[in-house]
Amino acid sequence: DAKTTQPNSMESNEEEPVHLPCNHSTISGTDYIHWYRQLPSQGPEYVIHGLTSNVNNRMASLAIAEDRKSSTLILHRATLRDAAVYYCILRRVQGAQKLVFGQGTRLTINP
Amino acid sequence: KAGVTQTPRYLIKTRGQQVTLSCSPISGHRSVSWYQQTPGQGLQFLFEYFSETQRNKGNFPGRFSGRQFSNSRSEMNVSTLELGDSALYLCASSPQADITDTQYFGPGTRLTVL
């Protein structure tokens with residue numbers, strides 16, 4: 001299974017941008033980078049995904065390094081509701097529905 | 001559209017018993033995956049079903065099994081329960097089995113084994 005490395009925890013202030021890093025040095029050319037988050041007492045929820053180019057959606061932006069060995073999830077203006085564990089996951093064509101979750105980054109937002 | 005539903009939400013069993021958990025995917029979704037979440041091991045993949053066929057299986061003992069019905073609803077069964085099976089069991093559905101498909105998770109079933 002493709003491995004990702006994330007910091008265990010990060011802290012930020014409300015209404016400030018948050019940059020969550022992820023290293024995936026063993027990524028292969030066809031691996032997609034997905035981000036999910038898990039709010040307290042809930043199941044994980046999808047945030048964003050990308051292959052090579054940077055991606056934006058209503059929740060966040062995903063910046064992918066040119067060599068694809070790392071990526072950064074960007075929350076532009078964090079709110080208290082963004083406090084969650086964020087998981088960076090590589091998905092491969094073979095076994096694509098098998099999400100391999102690492103330990104993730106626990107994000108704390110200070111009011 | 002209704003989300004993924006899981007029943008029951010909470011369950012208490014004793015060692016040696018068996019348990020069946022149910023998952024109803026989002027209408028129209030054909031792929032269902034199951035995950036186990038514990039404080040020590042985090043989120044771990046159990047298995048995935050697509051069109052009633054198991055396509056992928058995680059590294060769990062044979063006591064863990066599952067199935068999918070023609071309406072895409074899925075059940076997982078754990079036989080001969082052990083204390084270590086206490087966990088949150090999460091079900092996720094997606095439209096197909098495509099690598100870019102979003103997986104939508106249910107709220108989970110919290111199983112406590114005494």
Side-chain angles (χ1 to χ4, degrees), chain A residues 1-9 22 24 27-53 55 57-60 62 64 68 73 84-106, chain B residues 3-6 9-10 21 23-26 29-51 53-60 66 68 72 74 87-110:
Chain A
D1 294 327
K3 184 174 168 57
T4 62
T5 305
Q6 301 176 251
N8 287 334
S9 62
C22 179
H24 28 78
I27 192 169
S28 72
T30 55
D31 287 349
Y32 275 79
I33 303 160
H34 285 246
W35 285 79
Y36 280 73
R37 71 180 185 181
Q38 188 170 22
L39 303 172
S41 303
Q42 294 187 27
E45 65 175 356
Y46 168 81
V47 178
I48 200 166
H49 76 272
L51 183 61
T52 56
S53 308
V55 185
N57 67 20
R58 63 173 180 82
M59 286 180 70
L62 177 59
I64 301 172
R68 299 207 330 125
L73 178 70
V85 179
Y86 286 79
Y87 298 98
C88 169
I89 299 165
L90 298 183
R91 289 178 72 175
R92 298 191 154 157
V93 173
Q94 191 173 14
Q97 297 308 299
K98 174 184 173 183
L99 297 182
V100 180
F101 289 86
Q103 292 306 304
T105 297
R106 182 173 297 279
Chain B
V4 177
T5 57
Q6 293 187 245
R9 292 293 310 279
Y10 302 91
L21 311 182
C23 171
S24 292
I26 292 172
H29 285 194
R30 297 170 63 192
S31 174
V32 173
S33 300
W34 288 88
Y35 296 82
Q36 180 197 65
Q37 186 170 28
T38 60
Q41 299 298 319
L43 274 154
Q44 293 185 284
F45 172 81
L46 278 158
F47 26 65
E48 177 226 341
Y49 288 88
F50 181 76
S51 292
T53 301
Q54 186 181 89
R55 287 162 44 101
N56 219 332
K57 190 176 192 303
N59 189 25
F60 279 82
Q68 186 181 33
S72 294
S74 177
L88 180 66
Y89 290 88
L90 290 156
C91 165
S93 77
S94 60
Q96 301 293 333
D98 189 81
I99 193 172
T100 60
D101 273 354
T102 296
Q103 289 204 11
Y104 296 86
F105 283 81
T109 293
R110 183 159 301 278

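Below, each value reflects all heavy atoms present in this structure, side chains not excepted, and no hydrogens, waters or symmetry copies. Chain letters run A, B, ... following the sequence lines, proteins first, then strands; residues in each count from 1. These numbers come from a predicted model, not from an experiment.
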(request) Measure distances from B:Q37 to the heavy atoms of chain A and classify the residue's part below 4.5 Å as side chain, backbone, both or neither. (result) side chain
(message) Need one label for B:L43: side chain, backbone, both or neither, based on atoms under 4.5 Å from any heavy atom in chain A.
(response) both
(request) Check step by step if ring pair (Phe, Tyr, Trp, His ring centres under 6.0 Å) holds for A:F101 and B:F45. (result) CA-CA 8 Å; A:F101 289 86; B:F45 172 81; 9.9 Å; no
(request) Test A:E45 against B:Q103 for side chain to side chain contact (heavy atoms under 4.5 Å, CB included), laying out the working first. (result) CA-CA 8 Å; A:E45 65 175 356; B:Q103 289 204 11; over 6 Å; no
(request) Kindly give the heavy-atom pair with the smallest separation between B:L90 and A:G43, and that separation in Å. (result) CD2-CA, 3.8 Å
(request) Looking only at non-hydrogen atoms, find the nearest pair between B:Y35 and A:L99 and report the distance. (result) OH-N, 3.0 Å
(request) Could you list the residues that satisfy side chain to side chain contact (heavy atoms under 4.5 Å, CB included) with B:T38, not counting sequence neighbours? (result) B:Q36, B:Q41, B:A87
(message) Heavy-atom cut-off 4.5 Å, strictly under: side chain, backbone, both or neither for A:S41 against chain B?
(response) neither
(message) Please check if the number of heavy atoms outside A:R68 that lie under 6.0 Å from its CZ is greater than 12.
(response) yes
(request) Find the distance between CD (A:Q38) and CZ (B:F105) and round it off to the nearest 0.5 Å. (result) 8.5 Å
(message) I'd like to check the ring pair (Phe, Tyr, Trp, His ring centres under 6.0 Å) partners of A:Y46; sequence neighbours left out, ordered by chain and number.
(response) A:Y36, A:H49
